[in-house]
Amino acid sequence: MDKNFYITTPIYYPSAKPHMGHAYSSIIADFFARFKKIDDYNVHFLTGTDEHGLKIQRSAEKQGIDPLEFCNQISETFRDLSKTLNLTNTDFIRTTEKRHKKTVQHLWNVLEKNDDIYLSKYSGWYSVSDEAFYNDDEIEDVEGDKIAISSKSKVEWIEEESYFFRLSKWGKPLLDYYQSHPDFIAPESRKNEVISFVKSGLKDLSVSRKSFSWGIKVPNNKDHVIYVWLDALTNYLSALNYPNSNDQLFKNFWPASIHLIGKDILRFHAVYWPAFLLAAKIELPLKVYGHGWILSGEEKMSKSKGNILDPIEIINQYGLDPLRYYLIKEVSFGNDGNISQERLEDCINSDLANNYGNLCQRVTAFAIKNCESKIPNKVKFQKEDIEILDKYKNNLDNIRDKIDNQNINFYIDYIINSLFEANKYFNDQEPWKKKDDLLRLNTIVFTTLEIVRKISFLLYPIIPNSSLKALKIFNLGESDINFSSIGNNEFLIKDSKINKIDILFKKIEKNND
RNA sequence: GGCGGGGUAGCUCAGUUGGUUAGAGCGCAGGACUCAUAAGCCUGAGGUCAGUGGUUCGAUCCCACUUCCCGCUACCA
């Protein structure tokens, strides 16, 4: 049976240019996608842009252009980001596409038919400047005016006709589902937040708007557009051509293996989305993972603090792979993480240049000088060689298991430890002192080359370009990379040529003042 | 306010279902080597595991209180 894996990023809201948070979600998703790919899964990796809503409509109006044209431009910057980040996404969906509209309207009809959507009135204290509604306890009287306590802006009582989704009806089924599927929401700490939120009681959800027009029309009521979440979340299905359940994409990839998202939109993915799906009698995704935020120093990045680290600028300055490596290694996955140039530079120098890059270099240089630039042919493993080589084979299932539990930190720690171990092995074996024992020298070189190959395979999901560069030593390409083959201790073809490669990572010169 | 998570080496973080000397990486100091991007290897310094009190033969880990930080507490996404 084929193994299928469907991973999604959030679809990004293109009201501003891409920032580090977008890059982070995408890079992590790409890590999983690439890992599953080399572990022989069929992978469907979806990302895209969420293009409807008042903000987009207004931004377009400001520029005096059609909203779709506006979206075309900005969506393109997100497509570019995917390329810049070297993502292996197999699709890029836009909520303004026909295929998406079709799916959303179909889903709407199903929900309406099942009596999960009804027409009523939405009312509340609305602040035009905040574009937000407030509850009674969030406003106060100041000299006869009602104002929002948090923003001090004026609010007015608004009543608007709106369709509602009967979210209230799904509280109990959701709680049951969480209980019977303990892995549905991750990480654990945030799962508790979701559960306590649902336990506190769910109100029906407004799912349409009359106040603006930039969106998907409600079927049979042109005055309304379908409001955000019912529109946006459905992208995960529309990309698989739902409702065509005979479609091969849908058959293979639904239910999704994992929706990877930021913690800020966890509720929508862990409450609204499964509620919609339950109501429509569609299977639920297997997992929703809400990762943390990337902070700059101690603080959340914001324009006013001037501490924004633009992923594009970082990439231009340091390269893509160092950023990917940093975000995957230095962030304790699930928690918030920090990024600073200083720490990024430390990471590049010690891990990538000194540890991995230098290992590749020292073994190849040694082999070129002492083994006629070939993978040694005559090789006889000793205990210490087999011991270090077999560790990889013995950990294959362990690593798979950790990946399935999103334990990214284990994965990268495993690699780093392997690098230390490899450098130590080469040191301890002292092949440069074995020039009168060529069998031993060859065996040490072969073993170390095998380890470099294994580690480079392991690094492929994290730093694909650099991994591929390193594998040029052995004339190996992307299609040769396979996770199971890490268990093979004689994968390299003996007597084949070893290529000298350029330095993988240049060290960053640091000022010592 | 309510509910939840957390305060562990200079820095970033693991960890302990309570049990002799608390871990890693980076940074720092010293040493032996020389194949390599002056990289790698070895050794070391450095912590009252937020504070106080309690349970226990024994607590960094359990309980209570104090203090500080953070998250959630419904329709911006």
Side-chain angles (χ1 to χ4, degrees), chain A residues 10-16 21 50 52-56 122 124 127 130-135 137 162 164-165 167-168 187-209 227-230 232 261-268 271-272 290 292-293 298 329-332 335-340 342-343 345-347 349-370 409-410 412-413 416-417 419-420 422-435 441 444-445 448 502-507:
Chain A
I11 46 172
Y12 303 121
Y13 199 67
S15 60
D50 171 20
H52 291 128
L54 187 58
K55 269 192 192 167
I56 298 281
Y122 188 78
S127 157
D130 299 348
E131 293 173 25
F133 281 93
Y134 293 97
N135 289 330
D137 58 357
S162 169
F164 283 82
F165 172 73
L167 186 61
S168 58
E188 193 74 19
S189 55
R190 284 193 246 287
K191 170 178 159 181
N192 297 332
E193 287 176 6
V194 171
I195 290 176
S196 72
F197 170 76
V198 175
K199 275 189 179 156
S200 74
L202 297 173
K203 282 196 271 183
D204 287 351
L205 183 69
S206 163
V207 288
S208 78
R209 286 294 135 94
Y227 195 51
V228 282
W229 292 108
L230 189 52
I261 53 164
K263 63 181 182 180
D264 47 334
I265 53 173
L266 180 62
R267 182 194 311 141
F268 310 110
V271 180
Y272 299 178
W293 286 338
E298 289 300 303
K329 184 208 170 195
E330 289 289 316
V331 178
S332 173
N335 298 326
D336 291 352
N338 294 299
I339 184 165
S340 69
E342 195 190 351
R343 291 184 49 199
E345 290 177 0
D346 286 344
C347 197
N349 285 351
S350 51
D351 286 19
L352 295 175
N354 291 348
N355 208 347
Y356 176 56
N358 183 57
L359 175 68
C360 295
Q361 214 60 30
R362 74 192 293 208
V363 194
T364 23
F366 191 87
I368 286 168
K369 281 183 198 160
N370 298 286
N409 298 100
F410 172 90
I412 198 158
D413 287 347
I416 292 168
N417 285 329
L419 284 167
F420 284 133
N423 268 311
K424 180 173 164 53
Y425 168 86
F426 201 70
N427 247 68
D428 291 352
Q429 298 304 319
E430 301 181 306
W432 50 90
K433 288 184 182 172
K434 301 284 177 353
K435 294 189 181 171
L441 183 146
I444 295 164
V445 170
T448 313
D502 292 337
I503 282 182
L504 286 178
F505 302 96
K506 271 195 206 142
K507 293 187 69 167

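Sequence lines set the chain letters: A, B, ... in the order given, protein chains first and strands last, and positions in each chain run from 1. Values below: every heavy atom of this structure, side chains too, minus hydrogens, waters and symmetry copies.
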Nearest-nucleotide 5' precedence on RNA chain B, A/L205 against A/K433: A/K433
Sugar-phosphate only, base, or nothing, as touched by A/K506 at under 4.0 Å among non-hydrogen atoms: nothing
Nucleotide nearest A/Q361 (side chain, heavy atoms from C-beta), chosen from B/C75, B/G71, B/A36: B/A36
Distance, rounded to the nearest Å, where A/N358 contributes CG and B/C33 contributes P: 20 Å
P atoms of B/C11 and B/U48, separation to the nearest Å: 12 Å
Contact under 4.0 Å: A/K329 side-chain N or O vs B/U12 OP1/OP2: no
Euclidean distance, A/F197 CZ relative to A/L202 CG, rounded to 0.5 Å: 6.0 Å
Distance in angstrom units between A/K55 NZ and B/A77 C1', rounded: 6 Å
B/U12 phosphate, OP1 or OP2, under 4.0 Å from A/S332 side-chain N/O: no
Euclidean distance, atom CG of residue A/N355 to atom C1' of B/A36 [Å, nearest integer]: 13 Å
Distance between P atoms of B/C70 and B/A32 (Å, rounded): 50 Å
Sugar-phosphate only, base, or nothing, as touched by A/N335 at under 4.0 Å among non-hydrogen atoms: sugar-phosphate
Euclidean distance, atom CZ of residue A/F505 to atom C1' of B/U37 [Å, nearest integer]: 12 Å
Identified pairing partner of B/C75, criterion: Watson-Crick or G-U wobble below 3.5 Å: none
Touch class at under 4.0 angstrom, heavy-atom based, for A/K507 against every strand present: base
Watson-Crick or G-U wobble mate for B/U12, both contacts under 3.5 Å: B/A24
Sugar-phosphate only, base, or nothing, as touched by A/G21 at under 4.0 Å among non-hydrogen atoms: nothing
Sugar-phosphate only, base, or nothing, as touched by A/A353 at under 4.0 Å among non-hydrogen atoms: base
Nucleotide B/A36, atom P - distance to CZ of A/F420 in whole Å: 21 Å
Below 4.0 Å: OP1/OP2 of B/C41 and any side-chain N or O of A/Y425: no
Side chain proximity check, A/F268 to A/I265, heavy atoms < 4.5 angstrom: yes
C1'-based separation of B/G27 from B/G1 [nearest Å]: 44 Å
G-U wobble or Watson-Crick pairing nucleotide for B/G30 (cut-off 3.5 Å, both distances): B/C42
Lys/Arg N to Asp/Glu carboxylate O, A/K263 vs A/D336, below 4.0 Å: yes
Watson-Crick or G-U counterpart of B/G47, or none if no pair lies under 3.5 Å: none
Point-to-point distance, once rounded to the nearest 0.5 Å, from CD1 of A/I412 to NZ of A/K329: 7.0 Å
Gap in Å between the two P atoms, one belonging to B/G6 and one to B/G53, rounded: 24 Å
Integer angstrom distance from the C1' of B/A14 to that of B/U34: 34 Å
Heavy-atom pair with the smallest gap, counting every atom of A/P187 and A/G290: CD-O, 3.3 Å
Touch class at under 4.0 angstrom, heavy-atom based, for A/L202 against every strand present: base
Touch class at under 4.0 angstrom, heavy-atom based, for A/D413 against every strand present: nothing
Sugar-phosphate, base or nothing in reach of A/F426, heavy atoms under 4.0 Å: base
Sugar-phosphate only, base, or nothing, as touched by A/Y13 at under 4.0 Å among non-hydrogen atoms: sugar-phosphate
Distance in angstrom units between A/L359 CG and B/G40 C1', rounded: 9 Å
Point-to-point distance, once rounded to the nearest 0.5 Å, from OG of A/S332 to CG of A/N409: 5.0 Å
Touch class at under 4.0 angstrom, heavy-atom based, for A/N192 against every strand present: nothing
Residue mapping more 5' on RNA chain B - nearest nucleotide basis, A/S200 or A/S350: A/S350
Pairwise C1' distance for B/C62 and B/U56, with rounding to whole Å: 10 Å
Touch class at under 4.0 angstrom, heavy-atom based, for A/S196 against every strand present: nothing
Under 4.0 angstrom between A/N354 side-chain N/O and B/G40 OP1 or OP2: yes
Nearest-0.5 Å distance that lies between atom CG in A/L167 and atom CG in A/L205: 6.0 Å
Sugar-phosphate, base or nothing in reach of A/I265, heavy atoms under 4.0 Å: nothing
Aromatic stack A/W432/B/C35: centroid gap under 5.5 Å, interplanar angle under 30°: yes
Distance, C1' atom - from B/C35 to B/U20, rounded to whole angstrom: 43 Å
Spacing of CG belonging to A/L54 relative to CZ belonging to A/R209, to within rounding of 0.5 Å: 9.5 Å
Closest to side chain of A/V228, choosing from B/A77, B/C75, B/C35: B/A77
Passing candidate, side-chain contact (heavy atoms from CB on, under 4.5 Å) with A/F165, options A/L230, A/D204, A/V207: A/V207
Sugar-phosphate, base or nothing in reach of A/I416, heavy atoms under 4.0 Å: nothing
Rounded C1' spacing from B/C65 to B/C13 in Å: 29 Å
Between B/A39 (C1') and A/D351 (CG): distance, integer Å: 13 Å
A/N338 CG - B/C11 C1' separation (whole Å): 11 Å
